[in-house]
Protein chains: 2
Amino acid sequence: MELSLKIKMNEKLFLRNPEESELGRKIIQHSIILIHKIGLEAFTFKKLAKEISTTEAGIYRYFENKHRLLIYIVEWYWSWQEYRLIFQTNNIKNAETRLKKAIRLISTPIEDDVTTSHINENLLYEIVMSEGAKSFLTKHVTEDNKAKLFKPYKDLCARIAGIILECNPKYKYPNSLSITVIEMAHSQNYYAKHLPSLTDFGNSKDESKIVSYLEDLVFSSIKV
Amino acid sequence: MELSLKIKMNEKLFLRNPEESELGRKIIQHSIILIHKIGLEAFTFKKLAKEISTTEAGIYRYFENKHRLLIYIVEWYWSWQEYRLIFQTNNIKNAETRLKKAIRLISTPIEDDVTTSHINENLLYEIVMSEGAKSFLTKHVTEDNKAKLFKPYKDLCARIAGIILECNPKYKYPNSLSITVIEMAHSQNYYAKHLPSLTDFGNSKDESKIVSYLEDLVFSSIKV
DNA sequence: TTTAATAAATAGTAATACTATCATTAAAAA
DNA sequence: TTTTTAATGATAGTATTACTATTTATTAAA
């Protein structure tokens with residue numbers, strides 16, 4: 001059996017669906033590679049076009065601008081994470097076990113669980129870590145939010161918040177705690193790598209310590 | 001008695017010290033106003049120059065580029081926060097009381113405690129909330145970090161981590177918890193304002209709820 | 001086969017992010 | 001007082017970015 005995961009993205013994110021053509025998929029694939037390599041600031045449609053032997057205008061036919069493309073790949077990532085979470089916690093009755101699994105999943109990227117064709121989830125994880133926040137830290141968040149562009153992110157947050165509530169129905173801040181864990185899972189990894197004195201994980205790259213920290217944080221808070 | 005707080009900034013941040021001239025102070029003052037108004041992306045030295053009736057080249061004599069200017073104002077803010085923390089927790093013996101004070105301080109901006117001349121701390125707080133992370137989310141973090149540009153941020157983190165350790169010397173993640181609180185103090189406020197479903201604070205703008213959440217988070221973790 | 005739609009290639013524009021030059025003014029040193 | 005220095009101001013110029021528009025080529029349906 002050969003599986004191919006296809007995530008349906010919000011149509012407002014693109015002008016032409018990149019999943020439906022060879023060029024479109026190449027745009028996604030190589031924008032991930034290129035943003036990872038040179039960073040969002042230096043990334044331009046012209047450079048991307050060169051990489052995949054098309055023209056700048058060719059890419060503009062798919063995406064309005066690079067910020068929309070960023071939201072596209074970041075939200076694709078969150079959808080993918082929610083899918084992984086659903087898949088991997090399926091059939092686990094115990095809410096605490098599921099919560100632990102969730103924490104582990106969002107803190108440690110690799111473990112390729114499904115072949116998602118042209119998208120390199122590892123690079124994408126690092127992009128989300130270092131560029132992800134930029135997708136909503138703009139003057140037009142409110143509009144973008146109204147257009148439901150951040151739905152996957154909010155869905156994942158709500159799902160983990162749901163598990164938190166299952167563990168302790170009386171806990172008062174499930175959403176805030178959920179987003180705290182999601183954010184910290186990424187930013188603690190970023191700090192460990194680039195600004196280690198902001199963490200207690202040295203340069204050890206030891207992700208299991210980050211998992212321990214987040215588990216401790218969450219389970220202390222909800223007191224189970 | 002008239003006090004005027006002057007924070008000494010890392011010299012690598014500027015080409016000419018903006019604190020030492022009328023023009024320099026105007027650059028700082030109006031860059032805060034303008035970034036707050038139109039956002040970092042739309043902010044340019046040309047527009048700033050127009051605001052303060054000087055030329056683009058005039059601003060380039062003070063700052064290499066807008067990213068350095070961003071780091072300057074963001075790190076000024078962290079220095080100012082550390083100053084406030086030291087000042088306001090002075091003479092408080094009890095570590096827990098100090099920690100609570102610290103949480104309250106970084107979560108609620110206003111309470112003008114000192115007249116810092118040309119800098120509007122309120123606007124600055126909102127800039128740090130929405131643009132602050134961009135100062136280190138770049139491809140050149142490592143260099144910038146080596147140049148000690150982020151020292152004020154790291155100092156504040158270390159100071160709060162210190163208080164955490166005073167409360168519980170055995171707690172294993174003082175730095176991570178400290179930076180979690182600092183970050184969340186800002187991003188939960190940002191979410192409450194722009195993406196409320198990611199928090200439990202509705203649109204109520206009720207900062208005291210954020211304080212309660214963060215207090216709960218911290219004191220549950222360190223278990224005192 | 002013609003026509004209509006789709007995509008690719010080329011060209012062009014306004015704005016951005018700078019750098020360089022030179023003139024003016026004001027303050028400090030000789 | 002004159003001279004020197006330093007800061008500012010004014011002007012111009014460049015490469016790149018972020019687009020838009022037009023034309024040309026390709027393919028698909030009538």
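Naming: A, B, ... by sequence-line order, numbering from 1 per chain. The figures here come from the full heavy-atom set of this structure, side chains too, leaving out hydrogens, waters and symmetry mates.
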In this structure, how many angstroms lie between the [atom2] atom of [N] and the [atom1] atom of [X], rounded?
X       : N      : atom1 : atom2 : value
B:Ile59 : C:dT16 : CD1   : P     : 13 Å
B:Lys50 : C:dT16 : NZ    : P     : 11 Å
B:Phe45 : C:dA15 : CZ    : C1'   : 16 Å
A:Leu70 : D:dA18 : CG    : C1'   : 16 Å
B:Lys66 : C:dA15 : NZ    : C1'   : 12 Å
B:Asn65 : D:dA15 : CG    : C1'   : 16 Å

Look at the aromatic rings of [X] and [Y] and report parallel, tilted or perpendicular, splitting at 30° and 60°.
X        : Y        : answer
B:Tyr77  : B:Trp80  : tilted
B:His186 : B:Trp78  : perpendicular
A:Phe150 : A:Phe136 : perpendicular

Presence of A:Lys47 side-chain N/O under 4.0 Å of D:dT16 phosphate oxygens OP1/OP2: no
Under-4.0 Å side-chain N/O to phosphate OP1/OP2 contact, B:Thr54 with D:dG9: yes
B:Arg68 and B:Asp144 ion-paired at < 4.0 Å: yes
Short N-O contact, B:Arg104 and B:Glu215, less than 4.0 angstrom: yes
Qualifying salt bridge (charged side-chain N to carboxylate O under 4.0 Å, His left out) pairs with a residue from residues 41-62 of chain A, counting only residues at least two apart or across chains: A:Glu41-A:Lys134
Inter-end axis angle, the helix from C:dT1-D:dA30 to C:dA30-D:dT1, with every axis fitted to five base pairs (rounded, 10 degrees): 0°
Nucleic acid contacts - residues 138-147 of chain A versus DNA chain C, non-hydrogen atoms under 4.0 Å: none
Sorted by number, the residues of residues 6-40 of chain B with heavy-atom contact under 4.0 Å to DNA chain C: none
Under 4.0 Å protein heavy-atom contacts per nucleotide of nucleotides 19-28 of chain C, with B for base, S for backbone only and - for none: BB--------
Greater than 12 external heavy atoms within 6.0 Å of A:Lys154's NZ: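 Result for NZ/A:Lys154: enclosed.
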Flag if over 12 foreign heavy atoms under 6.0 Å of NZ, A:Lys26: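 Check fails, neighbour count at 12 or below.
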Check: B:Leu40 main-chain N/O paired with B:Glu131 side-chain donor or acceptor under 3.5 Å: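 Yes, B:Glu131 side chain to B:Leu40 backbone: donor-acceptor pair under 3.5 Å.
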Side-chain donor/acceptor of A:His194 to backbone N/O of A:Tyr190, under 3.5 Å: no
A:Lys46 side chain, from C-beta outward: closest of C:dT16, D:dT17, C:dA9: D:dT17
Sugar-phosphate, base or nothing in reach of B:Tyr62, heavy atoms under 4.0 Å: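 Touches sugar-phosphate only.
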B:Glu11: side-chain contact (heavy atoms from CB on, under 4.5 Å) partners, not counting sequence neighbours: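 B:Glu11 satisfies side-chain contact (heavy atoms from CB on, under 4.5 Å) with B:Lys8, B:Phe14 only.
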No-hydrogen, no-angle side-chain donor-acceptor test under 3.5 Å, A:Tyr125 and A:Asn189: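 Judged by distance alone, the side chains do pair up.
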Test side chain to side chain donor-acceptor pair (under 3.5 Å) applied to B:Glu19 and B:Lys6, B:Arg25, B:His118, the passing residue: B:His118
Straight-line distance of A:Thr180 OG1 to B:Tyr191 OH, nearest 0.5 Å: 9.0 Å
